[in-house]
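Take a look at the structure below.
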Amino acid sequence: METSFNTMMRIVSGKRLFGDDCDVNDVEKAKEFKGIIKELVILAGVNNRGDFLPFVRWFDFDNLEKKLKGIGKRTDAFLQELIEEHRAGKNNGNTMIDHLLAQQQSQPEQYTDQIIKGLSLSLLLAGTDTSALTLEWTMANLLNHPEVIKKAKNEIDTYVGPNRLVEESDMSKLSYIQCIVYETLRLHPAAPIWSPHLSSEDCTVGKYNLPKDTIVLVNAWAAHMDPKMWSDPTHFKPERFENESEVNRLLSFGLGRRACPGSNLAQRTVGLSVALLLQCFEWKRIGKEEIDMSEGTGITISRKNPLEAMCQLRQSSAIKDMY
Ligand code: HEM
């Protein structure tokens, strides 16, 4: 989660907030914000009785409103501080906040601080947990399939070799690693239920007639498990994506105008992270039993139990040079 948080923070504000070389105050703030994201993701997936029985809202039985207001204030303070740092010229550069503040100069009514905070939060919320979970599920799948690890390492050894680390530009050659990421996105789509879509005109989906303005909730997870769509759907088989056209059947990033704008970034960062983890370490399960693949609850598909694994540095010149 810290890696994906750093990636998103670099885009939004140009800072990394986790790592040995980071300012201690920043690390403290980042820890707090990481906690906020976790809480928000959990709260977003909670069933609110008040949505179904409006009179129940008066009582706020589960304290949901109070919790959300509290988190809202903490989030707002974190993001406002980021904006003020940029406004004061402390962190200026090619970042999202800087570009939006530049727009604020010419169109202040359009680009208010509130809008800038909202956009920053959308990226941090939508991009952090999803990418981190996908990486965790990928590693869990790999630990249960040592033969896949072996094939992926062969690919890295062939196309990158032992003398340097994998770079982003190598990813187009590491097609098997991409297949591993696709297969993980099929089995564990981090955002299984798309954001609500609305039919803009009368239409038919499968055997259902949808009148205009019907809210449609798509369950990507269920479609990915459909035996009519995928052979042996519950099994982890990255090879199924060696036929490139199969990728078009993945629904993990939504479809249409509201599809995920971070899909390319997410696939690249997860793919590169997996490649580096396999290039630099030997991986093993902590016991003989397979890794438990039970899912937790919430709006994103997290693991029920955090992944635990053993790893050992691989002996190669690229890795030795780093130490
Ligand atoms: C593996 C990682 C990710 C997965 C599985 C994922 C999945 C999704 C899904 C299913 C949607 C809803 C699409 C729809 O309703 O049609 C969505 C929306 C969105 N995602 Fe992602 N996402 C990921 C990473 C990211 C990243 C890295 C970013 C930011 C750079 C991002 C930003 C967004 C935003 C802003 C939306 C809302 C788009 C809109 O409503 O117009 N996501 N994502």
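Numbering of ligands and ligand atoms starts at 1, following listing order.
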* For R74, all residues meeting salt bridge (charged side-chain N to carboxylate O under 4.0 Å, His left out), sequence neighbours excluded ->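 With sequence neighbours excluded, R74 shows a salt bridge (charged side-chain N to carboxylate O under 4.0 Å, His left out) to E32, E39, given in chain and number order.
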* Asked: Sorted by chain and residue number, which protein N/O/S atoms are under 2.8 Å from atom 21 (Fe) of ligand 1?
  ->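 Sorted hits: C260 SG.
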Could you identify the single nearest non-hydrogen protein atom to [atom] and state the distance to 0.1 Å?
{"atom": "atom 29 (C) of ligand 1", "value": "M8 CE, 3.6 Å"}
{"atom": "atom 41 (O) of ligand 1", "value": "R258 NE, 2.6 Å"}
{"atom": "atom 12 (C) of ligand 1", "value": "S195 OG, 3.6 Å"}
{"atom": "atom 14 (C) of ligand 1", "value": "H197 NE2, 3.2 Å"}

Short N-O contact, [X] and [Y], less than 4.0 angstrom:
{"X": "D292", "Y": "K304", "result": "no"}
{"X": "D170", "Y": "R164", "result": "yes"}
{"X": "E282", "Y": "R314", "result": "yes"}

* Would R87 and Q104 count as a side-chain hydrogen bond (donor to acceptor under 3.5 Å, both in side chains) if you check the C-alpha gap in whole Å, the side-chain angles of each, and the deciding distance to 0.1 Å? -> CA-CA 11 Å; R87 193 169 271 139; Q104 196 179 58; 3.0 Å; yes
* To do: Please confirm whether the backbone N or O of W137 pairs with a side-chain atom of N141, one donor and one acceptor, at under 3.5 Å?
  =>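 Yes; judged by distance alone, with no hydrogens or angles, the pair exists.
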* Cation-pi, Y176 ring and K151 (6.0 angstrom, 45 degrees) ->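 The answer is yes, since K151 meets both limits relative to Y176.
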* Can the positive tip of R186 be found less than 6.0 Å from the middle of the six-membered ring of W230, inside 45° of the ring normal? ->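 R186 over W230 ring: yes.
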As an exercise, identify every atom of ligand 1 less than 4.0 angstrom from a heavy atom of [X].
{"X": "T134", "answer": "1 (C)"}
{"X": "S252", "answer": "5 (C), 7 (C), 10 (C)"}
{"X": "L255", "answer": "16 (O)"}

* For the side chain to side chain contact (heavy atoms under 4.5 Å, CB included) test, which of L79, I83, D76, L100 pairs with D113? ->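 It is I83; the other options fail the test.
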